[in-house]
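Taking it in order: structure first as structure tokens, then the write-up.
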Amino acid sequence: METVAAVLVTYNRLADLQLCLDSLRRQTRPLDRIFVINNGSTDGTAEWLATQPDLAVTTQANLGGAGGFATGIQTGYDAGYTWLWCMDDDCLAEPDALAQLLASPNLGPCIKNAMSVSASNSEELAFFVDRPNQNYRKVTDMTSHDLVYGVASFFNGTLVHSEVVKAIGVPDKSLFIWGDEVEYMTRAQKNGFPIVTVPRSVFYHPASFDRDGIPWPAAWKQYYAVRNQRRVLQNQFGNTLGRVLFASWAAKATFQQAVSKRKNRFYNFLLYGEAMVDSLTNNFGKRPDTIRTLQLYKRRHR
């Protein structure tokens with residue numbers, strides 16, 4: 001008999017967490033276990049979770065989404081569950097979301113994703129996907145298909161088979177955030193596992209935004225998106241070519257920040273450059289408070 005455990009990562013979003021858990025508890029196919037990874041929240045999350053006897057809670061330091069899902073997936077895998085259903089705390093699942101994933105065509109060990117719909121516009125996808133022969137922006141771009149191959153919005157209703165975890169391991173904690181999910185997806189693809197979106201399974205998520213346009217100081221997050229891109233390209237194109245492609249892409253992206261008309265283009269330029277250098281020198285140990293561009297910004301804006 002197949003078993004399913006949810007893996008939910010949370011950090012300082014107690015109200016969102018409570019709504020997400022409500023949607024999981026209402027699933028027409030009940031979950032066998034719900035693992036909650038609390039990334040060191042300071043907003044009362046730990047105290048509230050302690051009052052919820054049906055949850056298996058792990059509290060750890062803030063290791064970002066990558067560290068949270070690494071812990072959660074490893075915990076669920078070690079406990080012997082067939083499938084691990086992974087999500088952030090700001091997701092809401094339709095009541096039959098899990099049932100629809102499990103009822104979709106059998107692909108063997110694979111990764112199946114719910115369709116991520118914008119929480120503010122039910123006609124749009126939360127995350128736009130552009131492919132050479134097809135763009136997915138509207139819900140109707142997906143609903144005409146039973147399965148959408150090669151497209152998935154990790155980790156938003158992402159159902160991972162235990163055999164996939166056995167083969168490729170867990171997300172890389174060192175990636176912290178932004179790009180860790182894409183690296184995990186491309187790692188699975190590199191190892192030949194099917195990855196699909198199941199449009200009949202619906203998750204709601206806040207719409208994605210223009211990451212390049214995030215106001216400072218929150219723009220520090222883009223550091224990780226740039227730095228981690230090398231790992232994604234190496235999964236796709238091999239170590240040598242992937243590294244060359246990253247260097248070319250990162251240099252161009254850094255220059256574009258320098259000539260842009262954004263308000264904080266100077267800091268964006270420094271941030272991209274710092275991320276590029278750190279990636280090429282395998283410096284994957286920085287946490288937000290050690291990003292030098294962010295340190296400089298804070299010193300100049302006290």
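Note that these values count all heavy atoms, side chains included, but never hydrogens, waters or copies made by symmetry. Nothing here was measured: the structure is a model prediction, and the numbers come from that model.
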(request) Answer yes or no: are there more than 12 heavy-atom neighbours, outside F255 itself, under 6.0 Å from its atom CZ? (result) no
(request) Treat each ILVMFWY residue as a node, draw an edge where side-chain heavy atoms are under 4.5 Å apart, and state whether V160 and V232 are in one component. (result) no
(request) Ignoring hydrogens and angles, tell me if any N or O in the side chain of E181 forms a donor-acceptor pair with the backbone of F154 under 3.5 Å. (result) no
(message) Is there a side chain to side chain contact (heavy atoms under 4.5 Å, CB included) between S248 and L245? Walk through the geometry before answering.
(response) CA-CA 5 Å; S248 175; L245 291 173; 5.8 Å; no
(message) Would you compute the distance between atom CG of L159 and atom CD1 of I111 and round it to the nearest 0.5 angstrom?
(response) 9.0 Å
(request) State plainly whether one hydrophobic cluster holds both L233 and L241, where clusters connect Ile, Leu, Val, Met, Phe, Trp and Tyr through side-chain heavy atoms under 4.5 angstrom apart. (result) yes
(request) Report yes or no: does S41 contribute a side-chain atom to a donor-acceptor pair with the main-chain N or O of N12 at less than 3.5 Å? (result) yes
(request) Working to the nearest 0.5 Å, report the span between CG of N62 and CG of N39. (result) 5.0 Å
(request) Determine the minimum heavy-atom distance between M276 and A247, stating which atoms define it. (result) SD-O, 4.3 Å
(message) Closer than 4.0 angstrom, basic N to acidic O: yes or no for R33 and D54?
(response) no
(request) For the pair S23 (side chain) and L92 (backbone), establish whether a donor and an acceptor sit closer than 3.5 Å, ignoring hydrogens and angles. (result) no
(request) Answer yes or no: is there an ion pair linking R200 with D146, defined by an N-O contact shorter than 4.0 Å? (result) yes
(message) Measuring only between side-chain heavy atoms, which start at C-beta, is Y224 closer than 4.5 Å to L175?
(response) no
(message) Nearest 0.5 Å, please: how far is CD in E163 from CH2 in W83?
(response) 10.5 Å
(message) Please check: side-chain N/O of T281 versus main-chain N/O of V277, any donor-acceptor pairing under 3.5 Å?
(response) yes
(message) Check this for me: does any side-chain nitrogen of one of R29 and D96 sit under 4.0 Å from a carboxylate oxygen of the other?
(response) no
(message) Just verifying a value: how many Å separate F266 CZ and S260 OG, rounded to the nearest 0.5 Å?
(response) 13.0 Å
(request) Evaluate the criterion side chain to side chain contact (heavy atoms under 4.5 Å, CB included) for residue pair Y11 and N38; output intermediate values, then yes/no. (result) CA-CA 6 Å; Y11 176 67; N38 175 21; 5.6 Å; no
(message) Membership question, hydrophobic clusters at under 4.5 Å side-chain separation (ILVMFWY): are L147 and I195 in the same one?
(response) no
(request) Would you please name every residue forming a ring pair (Phe, Tyr, Trp, His ring centres under 6.0 Å) with F203, sequence neighbours left out? (result) W85
(message) I need the Y149 OH to T197 OG1 distance, nearest 0.5 Å.
(response) 11.5 Å
(request) With sequence neighbours excluded, give me every salt bridge (Lys or Arg N to Asp or Glu O under 4.0 Å) pair touching residues 74-95. (result) R13-D89, R13-D90
(request) Would you confirm whether R25, through its side chain, and C20, through its main-chain N or O, come within 3.5 Å as a donor-acceptor pair? (result) no
(request) Locate the shortest heavy-atom distance separating P194 from P109; write the atom from each residue and the value. (result) CD-O, 3.6 Å
(request) Would you mind reporting whether Y184 and I168 have side-chain heavy atoms less than 4.5 Å apart? (result) yes
(request) For the residue pair N135 and V129, establish whether any side-chain heavy-atom pair is separated by less than 4.5 Å. (result) no
(request) Flag yes if W178 and M185 sit in one hydrophobic cluster, no otherwise; membership is Ile, Leu, Val, Met, Phe, Trp, Tyr, and two members link when side-chain heavy atoms are under 4.5 Å apart. (result) no
(request) Ignoring hydrogens and angles, tell me if any N or O in the side chain of D32 forms a donor-acceptor pair with the backbone of T3 under 3.5 Å. (result) no
(request) Taking ring pair (Phe, Tyr, Trp, His ring centres under 6.0 Å) as the test, write out the residues that go with W220, two or more places apart. (result) none
(request) Could you tell me whether a side-chain N or O of R265 sits under 3.5 Å from a main-chain N or O of Q257, the two making a donor and an acceptor? (result) no
(message) Side chains of S279 and F246, heavy atoms from C-beta outward: is any pair under 4.5 Å?
(response) yes
(message) Do V7 and V57 land in one hydrophobic cluster if side-chain heavy atoms of ILVMFWY residues count as linked below 4.5 Å?
(response) no
(request) For V148 and P199, work out which heavy atoms get closest and say how close. (result) CG2-CG, 4.1 Å
(request) Could you give me the CA-CA distance, side-chain angles and deciding distance for R243 and L280, then say whether side chain to side chain contact (heavy atoms under 4.5 Å, CB included) is met? (result) CA-CA 8 Å; R243 186 180 180 89; L280 291 172; 4.0 Å; yes
(request) Look at K138 together with E123 and state whether they make a salt bridge at an N to O cut-off of under 4.0 Å. (result) no
(request) Ignoring hydrogens and angles, state whether a donor on the side chain of Q222 or Y272 is under 3.5 Å from an acceptor on the partner side chain. (result) yes
(message) Run H161 and F193 through ring pair (Phe, Tyr, Trp, His ring centres under 6.0 Å) and show every step you take.
(response) CA-CA 10 Å; H161 196 278; F193 292 106; 8.7 Å; no
(message) Quick check: closest heavy atoms across C91 and H205, and the distance to 0.1 Å?
(response) SG-CD2, 3.6 Å
(message) Quick check against the 3.5 Å criterion: does N113 have a side-chain atom that pairs as donor or acceptor with the backbone of N156?
(response) yes
(request) Using the ring-ring contact (aromatic ring centres under 6.0 Å, His included) rule, collect all pairs that involve residues 93-115, keeping only residues at least two apart or in two chains. (result) none
(request) List the steps and the verdict of side-chain hydrogen bond (donor to acceptor under 3.5 Å, both in side chains) for R230 and N282. (result) CA-CA 10 Å; R230 177 170 71 86; N282 284 319; 2.4 Å; yes
(message) So R131 and V151, do their side chains get closer than 4.5 Å, heavy atoms only?
(response) yes
(request) Using the side-chain hydrogen bond (donor to acceptor under 3.5 Å, both in side chains) rule, take D278 and Y223 through it: C-alpha gap first, then chi angles, then the decisive distance, then the call. (result) CA-CA 10 Å; D278 284 346; Y223 166 87; 2.7 Å; yes
(message) Could you report the tightest heavy-atom contact between A66 and P171, atom names first, then the distance?
(response) O-CB, 4.0 Å
(request) Can you run down the ring-ring contact (aromatic ring centres under 6.0 Å, His included) pairs that involve residues 24-79, sequence neighbours left out, and say none if there aren't any? (result) F35-Y81, F69-F155
(message) If you compare all heavy atoms of V164 against all heavy atoms of A188, which two are closest, and at what distance to 0.1 Å?
(response) CG1-CB, 4.5 Å
(message) I'd like to know if E274 and R292 make a salt bridge, using a cut-off of under 4.0 Å between side-chain N and carboxylate O.
(response) no
(request) Check whether any side-chain heavy atom of V182 sits under 4.5 Å from a side-chain heavy atom of N235, and report yes or no. (result) no
(request) Given side chain to side chain contact (heavy atoms under 4.5 Å, CB included), test T10 with T45 step by step and report yes or no. (result) CA-CA 9 Å; T10 188; T45 292; 4.1 Å; yes
(message) So I34 and L21, do their side chains get closer than 4.5 Å, heavy atoms only?
(response) yes
(request) Check for a donor-acceptor pair, side chain of K112 on one end and backbone N or O of P105 on the other, with a separation under 3.5 Å. (result) yes
(request) Could you note down all residue pairs passing ring-ring contact (aromatic ring centres under 6.0 Å, His included) where residues 282-302 supplies at least one of them, sequence neighbours left out? (result) W216-Y297, Y267-Y297, Y267-H301, Y297-H301
(message) Taking the side chain as everything from C-beta on, heavy atoms only, tell me whether R231 gets closer than 4.5 Å to D172.
(response) yes
(request) Enter the distance from D289:CG to L294:CG here, rounded to the nearest 0.5 Å. (result) 8.5 Å
(message) Using only atom types and a distance under 3.5 Å, with no angle test, would you say the side chain of N228 pairs donor to acceptor with the backbone of E183?
(response) no
